[in-house]
Amino acid sequence: MKTKIYQMIVSAVARAHAAGALASAETGDMVVEIPKTESHGDLATNVAMVSARLQRMAPRRIAELLLAHLQDPENLVARTEIAGPGFINFFIRPEAWAAVLRDIHLAGEGFGRSQAGRGERIQVEFVSANPTGPLHVGHGRGAAVGDTVANILAAAGYEVQREYYINDSGRQIRTLGRSVFLRYQEICGRTVEFPEDCYQGDYIRDLADQMYQTHGAALMEKDEEAAVALCARHAADTILAGIRKDLEDFGVRFDRWFSEQSLYDEGRVEAAIDDLTRRGIVYEKEGAQWCRTSDYGDEKDRVVVRNNGLTTYFASDIAYHQEKYARGFERVIDVWGADHHGYIPRMTAAVEASGRRRDQFQVILVHLVNLMRAGQPVAMSTRAGEFVTLADVVTEVGRDAARFIFLTRHYESPLDFDLELAKQKTNDNPVYYVQYVHARIASILRKAADEYGIGTVDVEAVAKPGVLEQAEEIQLIKLMNGFPEVVATAAASLEPHRVTFFLMDLAAAFHAYYNRHRVLAEDQAIGRARLCLVRTVQQVIANGLGLLGVTAPEQM
RNA sequence: GCGCCUGUAGCUCAGUCGGAUAGAGCAACGGCCUUCUAAGCCGUGGGUCGCAGGUUCGAAUCCUGCCAGGCGUACCA
């Protein structure tokens, strides 16, 4: 509808120009938008105001000329008006909205999809938690955001790949192995001092116990390095398998699991450093190798190879990101925890130094989750190994509630996640509010089939004049009409919460309509038209929930 | 010190590329089930958009400065 009005304006300007009424055929930076207040029409444009300078004419005068040259071949517009400083407001005929409804209904599952992304190849890397412990609630938010962003991008016509980067190399893995080996030694009866920098959680004891079950006390005889390496391998593999399962239970899937170690095995880290050194971007100072990130906007240069010869995490990250672009992605999106925000300038610098544009690299910084229970904060201390895992939360509140709540805020806002609220089956809990729409409509459809003998929804029912004229019905159609744009905007801005808010708006409009009007009305023509309307609402709710990875229940 | 993020109703938050009278939920109060699921709906009150300038037809939105809070600022990962 918006596009059609836009086209009408563009051709009106052209026609007015051809007739000599306007000095230019340009429309400037005009927009067509849905006004906040209903009295300002269904759609409005600021074209007269933005082109006032261009046309050297008063905005209201331009508006008058445009309306004189406006043509409406599809007979969409009931009336127009010029308002305020020069807005042109369009009031759409109710019958035109019925036609829109028919289009939405026919689009079905595909409604909401668009080609806005034009097939741009994008990689979304998210979660990427170190395999040194189970996923906690914060990872859950990152998982929900990353997965949903990927879904939304795909729906908006981008070609998306989802990836998990496994930090399976370096010191933290050795620390993991050391932690397990120490607990293993305890099991074998030796008294050991357990250092603070080792992983404290109970799961380390479980892993040590598994090592004991497999190897008995044999590792005590081995060289310590070898024993630690064995423990590290077993622990990382086991924990990673757990992470995969947790994510699967959370409805998150990845196209690829990428190993950091493989970068070393294939010589990519070395190659990346060599390449940057050859180009003078990596240089030596005080026995270490530094990258000139400060030439690309970072506040200082960063070490890639320490004076002890070991590469930094940054070095493998450079190699990893180079490898991503080499795979053909035009844009790379990383989802990180907000505590890593200081890392953005250097990573952006590295991307640019590697020959890509700055805007080919984007970071979504997901902020903290404050876990609550009935308004009280839940104590979480990673150091003491006391944290609530994602799996615990999913078990307690369910996958749908968890995912939905993670997406009810802009990811740059801290999120209070109340476990009791998430389980509540009231309108305080937004996920039930939205799902309830789907279930309610499913119930109506069942009733229509069983008691009214209307087994199939007839699209043409809405075309009959006089069947869909209630204000609440038009309101529902208008809202649904905006869904593809919501998805496209959410994709362009990487803001999944827009879809969540859209669903809550549509749900509110439906519940209001439901309470005011009976769908299965006595008048058969009206009843059939309304049935088509609510079936379409149900479809749009299902499509939106699908993007969020939340189920749309037939019954609640 | 420097950098990034945040500041909108009592609370939690939306606010489209700069648009018209800044919205929703919660909390408070008052109503609605013999009718398709009350896990729902309807109504009432509530605002110096952190502060001060600037840009322009027009600013919560863009720019500058300041204030407050959070996070970061390793030859850690």
Side-chain angles (χ1 to χ4, degrees), chain A residues 29-31 33-37 39-40 44-46 49-50 52-53 58-59 83-87 89 130 132 167 169-173 175 197 285-290 298-300 302-314 316-317 337-345 365 367-368 408-410 412-416 418 421 424-433 435-437 439-448 451-452 482 485-486 489-490 492-493 495 497-498 500-501 504-505 507-508 510-521 527 530-531 534 555-556:
Chain A
D29 293 326
M30 72 120 160
V31 292
E33 59 186 0
I34 301 162
K36 279 184 211 157
T37 356
S39 62
H40 293 139
T45 180
N46 61 353
M49 282 125 73
V50 296
R53 188 171 296 173
F87 288 101
N89 298 335
N130 294 342
T132 54
N167 295 116
S169 139
R171 214 185 70 163
Q172 82 278 10
I173 290 293
T175 304
D197 66 336
K285 189 179 88 179
E286 294 161 6
Q289 305 288 322
W290 298 70
D298 196 8
E299 59 186 40
K300 59 179 186 181
R302 306 291 176 176
V303 170
V304 287
V305 184
R306 291 184 272 165
N307 61 11
N308 63 8
L310 294 176
T311 52
T312 60
Y313 191 86
F314 184 45
S316 53
D317 262 347
D339 52 337
H340 290 78
H341 79 259
Y343 207 73
I344 296 175
L365 277 184
H367 279 234
L368 207 71
T408 52
R409 293 276 177 277
H410 191 287
E412 279 182 359
S413 298
L415 170 73
D416 289 340
D418 195 307
L421 181 65
Q424 243 172 53
K425 298 183 174 178
T426 70
N427 62 348
D428 294 353
N429 188 349
V431 61
Y432 287 102
Y433 187 78
Q435 287 183 315
Y436 190 38
V437 173
R440 259 187 161 171
I441 295 170
S443 176
I444 297 172
L445 292 169
R446 282 193 296 271
K447 186 144 186 136
E451 295 178 23
Y452 292 72
E485 194 178 331
V486 168
T489 308
S493 59
E495 293 174 335
H497 75 282
R498 290 174 184 277
T500 315
F501 278 85
M504 293 194 285
D505 281 350
F510 171 76
H511 287 311
Y513 172 67
Y514 176 90
N515 272 270
R516 196 175 286 247
H517 303 285
R518 197 180 158 78
V519 174
L520 300 170
R530 287 182 177 174
L531 205 58
V534 299
Q555 221 170 327
M556 287 171 74

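By convention in this document, chain letters (A, B, ...) are assigned in the order of the sequence lines, proteins followed by strands, and residues within each chain are numbered from 1. Remember, predicted model here, so these are calculated numbers, not experimental data.
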Can you tell me if [X] uses its side chain to pair, donor with acceptor, with the backbone of [Y] under 3.5 Å?
{"X": "A/R306", "Y": "A/T312", "result": "no"}
{"X": "A/H511", "Y": "A/Y433", "result": "yes"}
{"X": "A/N429", "Y": "A/L421", "result": "yes"}
{"X": "A/S443", "Y": "A/A439", "result": "no"}

Side chain of [X], heavy atoms from C-beta onward: which of [options] has the nearest atom to it?
{"X": "A/Y433", "options": "B/rC36, B/rC41, B/rC57", "answer": "B/rC41"}
{"X": "A/F501", "options": "B/rA20, B/rC75, B/rC13", "answer": "B/rC13"}
{"X": "A/N515", "options": "B/rG19, B/rC36, B/rC41", "answer": "B/rC41"}

Contact class for [X] vs. all strands (heavy atom < 4.0 Å): base, sugar-phosphate, or nothing?
{"X": "A/H511", "result": "sugar-phosphate"}
{"X": "A/N167", "result": "nothing"}
{"X": "A/A448", "result": "nothing"}
{"X": "A/A288", "result": "base"}
{"X": "A/R171", "result": "sugar-phosphate"}
{"X": "A/E451", "result": "nothing"}
{"X": "A/T489", "result": "nothing"}
{"X": "A/A52", "result": "nothing"}

Between B/rA52 and B/rG7, how far apart are the C1' atoms? Round to whole Å, please.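 It works out to 16 Å between them.
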Taking atom types as they are modelled, is there a donor-acceptor pair under 3.5 Å from the base of [N] to the side chain of [X]?
{"X": "A/N89", "N": "B/rA20", "answer": "yes"}
{"X": "A/H341", "N": "B/rC71", "answer": "yes"}
{"X": "A/D339", "N": "B/rG72", "answer": "no"}

So is the aromatic ring of A/H410 stacked onto the base of B/rA14, judging by whether the centres are under 5.5 Å apart and the planes are under 30° apart?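 Taking the rule of under 5.5 Å and under 30°, the ring of A/H410 does not stack on B/rA14.
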Does the side-chain ring of A/F87 lie flat on the base of B/rA20, meaning centres under 5.5 Å and planes less than 30 degrees apart?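 Yes, the aromatic ring of A/F87 stacks with the base.
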Verify the contact: side-chain N or O of [X] to OP1 or OP2 of [N], cut-off strictly under 4.0 Å; return yes or no.
{"X": "A/R306", "N": "B/rC76", "result": "yes"}
{"X": "A/Y343", "N": "B/rG3", "result": "no"}
{"X": "A/R530", "N": "B/rC36", "result": "no"}
{"X": "A/H497", "N": "B/rU16", "result": "no"}

Can you name the nearest heavy-atom pair linking A/V486 to A/R498, along with the distance?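 Between these two residues, the closest heavy atoms are CG1-O, 3.7 Å.
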Shortest non-hydrogen contact from A/N167 to A/Y313?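 Looking at all heavy atoms of both residues, the shortest contact is ND2-OH, 2.9 Å.
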Closest-nucleotide mapping onto RNA chain B: is A/K447 or A/D416 further toward the 5' terminus? I mean the 5' end.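 Whichever sits nearer the 5' end wins; that is A/D416.
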For RNA chain B, whose closest nucleotide is more 5', that of A/H340 or that of A/I34?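 Result: A/I34.
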Does A/R516 CZ have over 12 foreign heavy atoms under 6.0 Å away?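 Counting other residues, nucleotides and ligands, CZ of A/R516 stays at 12 neighbours or fewer.
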So for atom CZ, which belongs to A/R171, do other residues, nucleotides or ligands contribute more than 12 heavy atoms lying within a distance under 6.0 Å?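 No, not enclosed.
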In dot-bracket form, how is RNA chain B paired, counting a Watson-Crick or G-U wobble pair only if both its distances are under 3.5 Å and using | for bases paired to another strand? (((((((..((((.....[...)))).(((((.......))))).....(((((..]....))))))))))))....
Assigned glycosidic conformation for B/rC71 [threshold 90° from 0]: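 Base orientation: anti.
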Does NZ or CZ of A/R440 come closer than 6.0 Å to the centre of the six-membered ring of A/F510, within 45° of the ring's axis?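 No - A/R440 does not lie over the ring of A/F510 by the 6.0 Å and 45° rule.
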